[in-house]
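For reference, the structure is listed below as structure tokens.
Along the sequence shown, residues are numbered consecutively beginning with 1. Because the structure is a prediction, the values reported are computed rather than measured.
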Amino acid sequence: MDEINNINEYSFEDMLSELEKIVAQLENGEASLEEAVELYKKGTLLASKCAKLLDNAEKQIKILVNNKDGELTEKDFSGNEI
């Protein structure tokens, strides 16, 4: 699939949309075995890239918290705050 080579040009939203289409195609069961394998490969690559982008975004997020003196300070987002 030549499309796999262009994945680096996709936005996060495009990758997520493409991943949803791939899942739908695999779930409907109409793809041949060869097509299903290629769709699976592309889906795995998309999922990996999406996870990497989300991980990088999480590292950049800062949250404001009250310190012991009641002042707002910045703290790295760890995902445990939610």
Side-chain angles (χ1 to χ4, degrees):
M1 284 185 154
D2 290 331
E3 297 171 13
I4 291 178
N5 297 328
N6 298 329
I7 285 178
N8 291 329
E9 299 171 11
Y10 288 18
S11 69
F12 175 81
E13 291 78 10
D14 291 340
M15 285 190 282
L16 195 56
S17 176
E18 189 67 23
L19 189 54
E20 289 171 347
K21 290 176 190 174
I22 289 170
V23 169
Q25 285 178 288
L26 290 171
E27 286 180 341
N28 78 20
E30 294 181 11
S32 69
L33 179 59
E34 185 176 293
E35 291 169 329
V37 169
E38 288 301 314
L39 287 168
Y40 181 81
K41 286 180 189 177
K42 184 176 180 184
T44 302
L45 181 59
L46 285 166
S48 174
K49 290 206 173 274
C50 284
K52 190 173 191 176
L53 285 171
L54 286 173
D55 193 40
N56 287 339
E58 185 177 289
K59 289 176 184 175
Q60 295 177 29
I61 293 174
K62 300 274 185 186
I63 59 171
L64 292 176
V65 294
N66 283 321
N67 65 16
K68 62 183 177 181
D69 297 326
E71 298 172 352
L72 289 177
T73 58
E74 274 190 7
K75 178 180 173 186
D76 289 335
F77 178 77
S78 67
N80 298 328
E81 289 80 7
I82 297 176

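- Residues L54 and Y10 fall within the same hydrophobic cluster, defined by Ile, Leu, Val, Met, Phe, Trp and Tyr side chains chained together at heavy-atom separations under 4.5 Å.
- Here side chain to side chain donor-acceptor pair (under 3.5 Å) pairs that include residues 47-57, with residues two or more places apart or in two chains, are N8-K49.
- Clustering ILVMFWY residues whenever any of their side-chain heavy atoms sit less than 4.5 angstrom apart, transitively, puts L16 in a cluster other than the one holding V23.
- No donor-acceptor pair closer than 3.5 Å links the side chain of D69 to the backbone N or O of E71.
- Without hydrogens or angle criteria, T44 side chain to Y40 main chain gives a donor-acceptor distance under 3.5 Å.
- The CD atom of Q25 sits 5.0 Å away from the CG atom of L39 when rounded to the nearest 0.5 Å.
- A continuous path of hydrophobic side-chain contacts links L19 to L53 [ILVMFWY only; heavy atoms under 4.5 Å].
- L33 CG to E38 CD: the interatomic distance, rounded to the nearest 0.5 Å, is 10.5 Å.
- Shortest non-hydrogen contact noted between A36 and A31 is N-CB, 4.1 Å.
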